[in-house]
Amino acid sequence: MSDLFYSDIAFLKRGLKQKDFSSVELMKSLINRTNLVESKVKAFIDRDDEDALRQAAESDNRRSKNMTLGPLDGIPVGIKDILAVKGQPLRCASKMLDSYISPYDAKCIEQLKNAGAIIWGRLNMDEFAMGSSTEHSAYGTTSNPWKLDCIPGGSSGGSAAAVASGEVIVSLGTDTGGSIRQPAAFCGVVGMKPTYGLVSRYGLVAFASSLDQIGPFARNVKDAAILLESIVGYDPKDSTSLKVPTENYLSILEESVKCQKKYTLGVPVEFFSKGLDIEIKEKVYKAIEWYQSQGYIIKEISLPHSDLCVPVYYIIATAEASSNLARFDGVRYTHRSKDIESIDDLFFRSRGEGFGEEVKRRIILGTYVLSSGYYDAYYLRAQKIRSLIRKDFDKAFQEVDAIITPTTPTPAFIEGEKSQDPLSMYLNDIYTISVNLAGLPALSLPVGLTQNKLPVGMQIIGKVFGESDILTIAHDFEINHDYKDLRPNL
Amino acid sequence: MSNKYEAVIGLEIHVQLKTKTKMFSSAPYEYGAEANSLTDPVVLALPGTLPVLNYEAIELCAKLGLMLGCEIADICKWDRKNYFYPDSPKNYQLTQNEEPLCIGGSVEIEMPGPSRNIEGKHRFVSLNRIHLEEDPGKLSHTAFDSLIDFNRAGVPLAEIVTEPNLYSSDEAVAFLNSLKNLILYSGVSNCDMEKGQMRCDANISLRAKRTSELGTRSEIKNLNSISNVKAAIEYEIKRQTQILNSNHLVAQETRRWDANKMQSFSLRSKEEAHDYRYFPDPDLMPVVIDRARIKELKKALPESPLDRQRRYQKDLDLPYTITSVLCANVNLSNFFEKALAQYDSPKAIANYIVNDLLRELASNSKTGDSSLSIEATKMKAGFISELVEVVELGIISKQIAKEVFSEMFQSGKNPKLIIEEKGLSQSNDDTMIKALCLEAIANNPKAITQYKDGNLKAINALKGPIMKATKGKANPLVLDTMLQDLIESLD
Amino acid sequence: MSKAKIDIKYVAKLARVQLSELEEKKLSVQMNDILGYFEKLNSIDVKDIQPMAHAQKVQNVWREGDIAGSVLPKELLEEMAPESRDGQVVVPKVVE
Ligand SMILES: [Mg+2]
Ligand SMILES: [Zn+2]
């Protein structure tokens with residue numbers, strides 16, 4: 001049973017059903033695997049193995065009574081340290097929340113529990129999801145399983161690395177500007193950001209409210225589809241949650257294999273210009289050629305405001321963040337500085353001590369762009385250009401069903417390489433952030449390895465609620481290649 | 001105050017709306033509950049929580065706006081007002097900066113007349129807007145630290161902002177009384193200032209008389225009673241007058257009123273003023289106001305206190321002395337309306353309410369004023385209608401009615417029951433009264449002679465003993481006729 | 001276009017974040033870099049463009065009815081709070 005940890009959900013479901021193994025055995029296999037590789041990967045901030053084993057035993061008990069709950073019953077799911085799980089620490093990789101325990105479950109956690117999933121671990125991330133490398137964690141850096149001196153990407157670096165290294169079967173991350181897709185690309189797994197409003201944000205500690213979405217990490221498209229399906233749906237507790245009929249993504253994928261729909265795919269010229277790594281360009285072009293060879297229609301398109309996405313994104317995201325993070329103030333539940341003398345002292349010092357460098361940088365930036373005299377020049381202007389970016393996509397989607405781009409301009413970089421140059425770090429999100437600004441769904445799919453054995457990710461962007469389209473397009477590629485079976489050498 | 005200057009005053013009034021739950025969470029609210037017993041993860045701004053609008057707050061605020069003659073916006077949006085304060089869990093307040101729900105409007109006020117019994121001049125004070133926002137928690141202070149109770153955090157507030165359209169402390173007081181009464185009539189808030197349900201900030205500036213440009217203003221925060229508003233404005237006018245008279249400039253600043261010291265103190269200057277960094281809240285969606293619903297609300301709007309007072313004076317011919325008392329209290333005038341609906345004798349009913357009922361309320365309330373609410377007593381409006389009816393039908397005298405009234409108030413029994421139980425109805429038993437009359441005539445020959453000589457009042461001497469004998473129950477009208485008939489039949 | 005200057009001290013005060021002198025210096029340089037990069041945005045005439053505050057155009061979202069939900073036990077707040085007394089959260093004396 002040594003290979004359980006690298007199995008897919010379909011195999012595990014079958015095995016659990018046929019009693020080939022129990023959920024407790026599956027959980028033990030993951031714990032053993034994690035004990036073996038975690039000292040190298042460092043994907044977890046915190047894990048309660050006993051609690052996970054207890055949940056697994058409950059699942060086995062349900063199964064013995066023929067009372068399984070849902071498609072994920074008995075399957076462990078790793079959780080990014082930004083999603084609230086009742087009774088578990090919720091630190092957002094920050095010293096600010098070092099002793100905070102959440103008294104309630106996020107909506108997605110509630111949904112996973114209702115589906116029978118085992119909620120396991122607090123996966124590492126950039127502090128408050130601010131970063132693209134997981135170096136900005138108060139609890140240490142996660143390594144890229146493919147090359148341990150490289151970063152895994154971020155902010156959901158722990159979620160991506162844990163899936164890639166077989167520590168978890170699937171995991172949840174969050175994506176504000178690429179924080180699922182970029183680490184998925186760097187770690188060679190599938191990562192998906194759903195349409196804004198498809199998954200409830202209740203219980204997701206807000207970074208930038210108008211951009212944040214929760215999404216799945218998996219080693220293949222079907223597993224991502226299963227996990228996504230279990231967390232979508234309208235939630236009255238999130239006013240931005242949308243009332244849309246839920247789709248059975250897995251059966252859509254199974255159907256698609258039989259009657260292959262040939263989509264029209266758009267290739268935006270702006271995403272293949274300067275700054276793009278030559279090997280990545282080559283791999284993504286090769287994938288596009290494959291689609292063409294399969295009868296897909298390939299169209300060159302233009303997203304003319306693409307080069308404005310980074311500044312627009314960093315203005316909106318930091319502005320919202322500066323306000324969202326104001327609640328971490330040293331008063332009710334966060335770190336409070338010692339020997340404070342006044343209320344202002346309490347605010348200044350608790351926040352000065354509790355927040356890391358990148359978080360402070362973004363709070364300062366966000367505060368500045370909203371401050372008196374600068375609002376129109378920065379925030380309002382960014383909101384207006386955001387409309388233009390959305391319009392670019394709307395226009396493109398009149399001609400194409402989905403858009404293909406590289407997920408990142410470079411493969412995973414060496415730890416420390418960009419951490420002292422925030423602007424170059426921000427530019428790493430250049431291909432992913434426009435999707436958040438426009439509120440669209442997108443996924444990153446492994447399309448091979450560089451000569452240095454680092455994964456390359458391809459991004460497929462869909463229309464609003466085009467989840468089933470992009471899953472289908474990705475799945476078609478995946479089953480006709482064997483990149484999903486590539487494993488890091490740990 | 002020297003006569004050189006004129007004060008210009010604008011007020012901002014925060015009113016807690018009477019919803020059961022908070023504006024953006026379903027935590028209940030109740031004044032006086034145990035500290036921090038009415039919170040939830042949203043109220044405390046725990047990580048990951050999100051606000052969801054309570055539509056009732058929109059409804060109540062729109063109703064208030066209509067009552068005050070505001071324009072109701074087609075769409076309202078939510079903004080974040082960012083500032084750090086320990087009673088504000090998110091360290092931003094959800095408010096309506098750009099798109100308030102209610103725009104414009106006015107409040108009709110009555111200035112004090114030359115005496116209590118003479119109606120004063122009326123005028124309209126213009127409003128700028130009314131917007132919705134959330135209340136912060138409550139801080140209390142010890143000698144060395146401060147304690148926070150978050151129960152109040154998130155309670156919906158309507159913030160009513162006037163134009164700088166008031167010119168004296170008396171006008172401000174008249175405005176607040178009028179506004180408070182209007183809100184109580186609308187039923188959207190209890191406006192109990194002691195419970196913090198209504199709070200006021202005042203902006204005050206002076207300018208040379210007969211000029212139109214506004215002077216530099218100071219803002220006085222934290223005024224939690226109408227008398228504090230009056231005192232703070234008067235203090236501020238004096239303070240600014242002294243500054244101007246000594247040829248100094250008034251500083252633009254925020255000041256805090258200390259009701260114990262009867263002084264205001266500077267909190268912060270314009271330079272240190274907040275930079276609130278307003279921006280549209282990304283967690284809440286805009287609300288498009290349903291015009292049909294606004295029409296419905298407008299149709300169902302209660303009568304305003306001053307309209308009601310005018311109607312009482314014009315249609316019911318009640319004097320100002322009565323209507324000013326009746327309409328100043330929504331419970332009292334609603335009580336009057338109820339009684340009137342059951343028996344149409346406005347003057348008599350109003351008299352009972354304004355004189356007898358208020359007296360009973362005053363003598364039965366602990367504080368000695370008439371603030372004991374009618375709802376809290378056993379008194380019913382129908383009792384007063386019945387009482388007036390039995391008096392007017394001659395069943396009891398006005399004097400007996402006083403006794404019945406007290407009994408009604410104390411016991412909560414209806415007047416007919418009291419009259420029956422105590423045998424108070426006027427006797428119209430002709431044979432008994434005739435016998436008593438004949439006895440009286442026989443005993444008072446002198447009075448009969450005087451009566452016959454044309455002194456009609458002499459007959460009253462006969463009535464006293466008869467009333468005494470019947471314990472006041474003889475119907476005076478019946479008695480009069482009978483005595484006259486009997487005396488005339490003596491001839 | 002002249003380069004935007006950022007008054008780090010003022011902004012840090014607004015944001016209630018204490019910065020060391022070194023942090024202040026570093027941030028000043030980095031912010032000016034970032035703000036310089038943001039000047040790209042000035043290439044667009046935004047006069048007649050509607051700002052986009054939400055990713056999806058949705059309106060009129062509210063709770064069904066003014067119905068009370070559950071409350072958080074006050075003991076939980078006491079447990080979470082760095083300092084509390086008599087069921088209330090304690091902070092240094094607020095002068096205002
Ligand atoms: Mg105000
Ligand atoms: Zn206010």
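Protein chains get the first letters and strands the later ones, always in sequence-line order, with residue 1 at the start of each.
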Region of [X] that comes under 4.5 Å of a non-hydrogen atom in chain C:
X         : value
Leu346(A) : side chain
His305(A) : side chain
Leu427(A) : side chain
Glu353(A) : neither
Ser342(A) : backbone
Tyr426(A) : side chain
Tyr196(A) : both
Arg349(A) : both
Leu440(A) : neither
Thr334(A) : backbone

Taking all non-hydrogen atoms of both residues into account, name the closest pair between [X] and [Y] and its distance.
X         : Y         : answer
Pro82(C)  : Tyr333(A) : CD-N, 4.2 Å
Arg361(A) : Leu27(C)  : CG-CD2, 3.7 Å
Ala53(C)  : Ser210(A) : O-CB, 3.8 Å
Ala55(C)  : Arg386(A) : CB-NH2, 3.8 Å

Side chain, backbone, both or neither: which part of [X] has a non-hydrogen atom closer than 4.5 Å to chain A?
X        : result
Ile44(C) : both
Glu23(C) : side chain
Val46(C) : both
Lys47(C) : backbone
Val17(C) : both
Leu41(C) : both

Walk me through whether Phe38(C) and Val312(A) qualify under side chain to side chain contact (heavy atoms under 4.5 Å, CB included). CA-CA 8 Å; Phe38(C) 285 2; Val312(A) 167; over 6 Å; no
Quick check on the interface: out of Asp329(A), Thr240(A), Leu308(A), Ile316(A), who has the most heavy-atom pairs with chain C under 4.5 Å?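 Result: the option with the highest number of such pairs is Leu308(A).
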Given the options Gly439(A), Pro311(A), Gly352(A), which has more heavy-atom pairs under 4.5 Å with chain C than any of the others?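 That would be Pro311(A).
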Give a yes or no on whether the backbone of Asp307(A) and the side-chain of Lys40(C) come within a donor-acceptor separation of less than 3.5 Å. yes
How many angstroms lie between atom [atom1] of [X] and atom [atom2] of [Y], to the nearest 0.5 angstrom?
X         : Y         : atom1 : atom2 : answer
Leu423(A) : Met31(C)  : CG    : CE    : 11.0 Å
Lys93(C)  : Ile343(A) : NZ    : CD1   : 13.0 Å
Met80(C)  : Ser102(A) : CE    : OG    : 9.0 Å
Gln56(C)  : Arg390(A) : CD    : CZ    : 5.5 Å
Ile8(C)   : Thr367(A) : CD1   : OG1   : 10.5 Å
Arg16(C)  : Asp344(A) : CZ    : CG    : 4.5 Å

Test log, rule side chain to side chain contact (heavy atoms under 4.5 Å, CB included), inputs Ile364(A) and Ile6(C): CA-CA 10 Å; Ile364(A) 296 292; Ile6(C) 175 167; 4.3 Å; yes
Can you check side chain to side chain contact (heavy atoms under 4.5 Å, CB included) on Asn42(C) and Arg381(A), steps first, answer last? CA-CA 9 Å; Asn42(C) 295 330; Arg381(A) 176 171 285 264; 3.9 Å; yes
Is there side-chain contact between [X] and [Y], with at least one heavy-atom pair below 4.5 Å?
X        : Y         : answer
Leu14(C) : Ser371(A) : yes
Ile49(C) : Leu388(A) : yes
Leu35(C) : Tyr368(A) : yes

Side-chain H-bond candidate by donor/acceptor type, Gln18(C) with Arg351(A), under 3.5 Å: no
Side chain to side chain contact (heavy atoms under 4.5 Å, CB included) between Gln50(C) and Lys384(A): does it pass, once the steps are laid out? CA-CA 6 Å; Gln50(C) 276 300 307; Lys384(A) 288 179 168 187; over 6 Å; no
